[in-house]
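Every chain is numbered from 1 and lettered A, B, ... according to where its sequence line falls, protein lines coming before strand lines.
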Number of protein chains: 2
Amino acid sequence: MSPRMGLTKEQIIEVAVELANREGIEAVTLATLAKGLNIKTPSLYNHIEGLEELKKQLALTGLTRLLENMTDAVVGKVGDDAVHALANAYVQFSRENPGLYELTLATPNPEDVEIQEAGKGIVELVIQVLENYKLKDEDAIHAVRGLRSLLHGFASLEQKGGFGLPVNLDKSLHLIITTFLAGLLHT
Amino acid sequence: MSPRMGLTKEQIIEVAVELANREGIEAVTLATLAKGLNIKTPSLYNHIEGLEELKKQLALTGLTRLLENMTDAVVGKVGDDAVHALANAYVQFSRENPGLYELTLATPNPEDVEIQEAGKGIVELVIQVLENYKLKDEDAIHAVRGLRSLLHGFASLEQKGGFGLPVNLDKSLHLIITTFLAGLLHT
DNA sequence: CTACAAAACTAACACCATTAGTTTTATAAT
DNA sequence: ATTATAAAACTAATGGTGTTAGTTTTGTAG
């Protein structure tokens, strides 16, 4: 064991996650984070390299948890059932973790290898779920891009208040997915 | 005329737009903006209330120009033709104005009345373009939400490097829209 | 040419991230 | 128990923000 066990990186990130979800990603600063941990700001540098690395870790955490939720949602399901479950899990995650979800894409440099790897997991899951629709080669890639666009666009617009009207959002999501799947069969 | 005509709000915003598109929205600070205008930071307060108002003005500018581009793209077109033109204009705008497009949604408080009004213009255009598909009441709303989700999701993921694979992106967009429209007819 | 109002300025403050150097402290070995 | 040590947490300092207050400059209108 270390000569002195203080905070762990995991604890720090967990507090940062709660901060992001509760107060918004603007509130994720080393100053407020340190305050939440009852330490002084410079002490954070014993565990993380700086604000950029923190943001990256948060993006990784978000992608990992999002993938977990999506994976759990589709086990034992196939076809339309699986896609709807996947979509619901995606949107539910963004609703329950608004800050963390936003950080998932608001990362400093998206080309980072670790970020790309984490994102790849989600892409692969979507590919699996769309496998039953017997799409050929490139068409599968286009379809995956379409579904991801739908999910991210919906989650993002919902979060940013883009949908003004008082019409049920879950109904919208279900119908949108239904429409997309119907289109897959007729093109 | 004023006792002393210096900078105009329009000039300031134009420089800010170029800054956002060229260097990214992180670079949009009063400090760098002032430097680009060859004045000191506090002088900006003679024209704008602060950073928040600047961001809001940029969001409004972005929404206005995006709507213009979309409107120009659909004149004289109907049906699938119009939707594809709309989609192309949307994505083209986000590609040519990455920073400004991002600021369109990254505004401090999305509930702002002026922001809502500007966004409403885009929604109404999308409604018009989907009118030919004889959607009933609520279904029209769901369809508009779907198309907006697709467009924003695609533009956002493309910009954030979410689409890794070296497969043609314009082809993806075309096929995605085609799929969505086909789905509208078969549900 | 003069008065004035707006524009631009300097000075100052609070907040932020970050670095360097010091002190504290929990553990591991004696 | 005592002590050495390495990590954790600290203080102090620097440079970058946005913002406010108060002063100076300057172009235009009379």
* Structure fact -> Quick note, salt bridge (charged side-chain N to carboxylate O under 4.0 Å, His left out) partners involving residues 81-90 of chain A, not counting sequence neighbours, are none
* Asked: With distance as the sole criterion, is a donor-acceptor pair present between the side chains of A/Gln92 and A/Glu96 under 3.5 Å?
  -> yes
* Hey, could you give me each pair passing salt bridge (charged side-chain N to carboxylate O under 4.0 Å, His left out) that has a residue in residues 99-108 of chain B? Not counting sequence neighbours. => B/Glu102-B/Lys160
* Can you pull the ring pair (Phe, Tyr, Trp, His ring centres under 6.0 Å) pairs that have at least one residue in residues 42-95 of chain B, sequence neighbours excluded? -> B/His84-B/His174, B/Tyr90-B/Tyr101
* Asked: Is it true that a side-chain atom of B/Thr187 and a backbone atom of B/Gly183 form a donor plus acceptor pair closer than 3.5 Å?
  -> yes
Acceptor/donor pairs from residues 109-119 of chain B side chains to any protein atom, 3.5 angstrom cut, sequence neighbours excluded:
from	atom 1	to	atom 2	distance (Å)
B/Asp112	OD1	B/Glu114	N	2.8
B/Asp112	OD1	B/Ile115	N	3.3
B/Asp112	OD2	B/Lys56	NZ	3.1
B/Glu114	OE2	B/Lys56	NZ	2.9
B/Gln116	NE2	B/Pro110	O	3.1

* Asked: Residues in salt bridge (charged side-chain N to carboxylate O under 4.0 Å, His left out) with B/Asp170, at least two apart?
  -> B/Arg95
* Does one side chain, of B/Thr29 or B/Thr32, offer a donor that lies under 3.5 Å from an acceptor on the other? -> yes
* Structure fact -> Residues passing the salt bridge (charged side-chain N to carboxylate O under 4.0 Å, His left out) test with B/Arg65, sequence neighbours excluded, are B/Glu14
* Asked: Restricting to pairs with a member in residues 127-149 of chain B, which pass salt bridge (charged side-chain N to carboxylate O under 4.0 Å, His left out), not counting sequence neighbours?
  -> A/Lys171-B/Glu138
* To do: Would you jot down, in residue-number order, the residues of residues 45-54 of chain B having a non-hydrogen atom under 4.0 Å from DNA chain D?
  => B/Tyr45, B/Gly50, B/Leu51
* Asked: Is it the case that more than 12 heavy atoms not belonging to B/Glu49 sit under 6.0 Å from its CD atom?
  -> no
* Structure fact -> DNA chain C: first to last nucleotide in contact with chain A (atom under 4.0 angstrom from a heavy atom), 5' to 3', is C/dC16 to C/dA28
* Using heavy atoms and a sub-4.0 Å distance, could you list which residues of residues 16-36 of chain A are near DNA chain C? By number, please. => A/Thr29, A/Leu30, A/Ala31
* **All salt bridge (charged side-chain N to carboxylate O under 4.0 Å, His left out) counterparts of B/Glu53, not counting sequence neighbours** => B/Lys9
* To do: Classify every nucleotide of nucleotides 25-30 of chain D by which part a protein heavy atom approaches to under 4.0 Å, writing B for the base, S for the sugar-phosphate alone and - for neither, in 5'-to-3' order.
  => BBBSS-
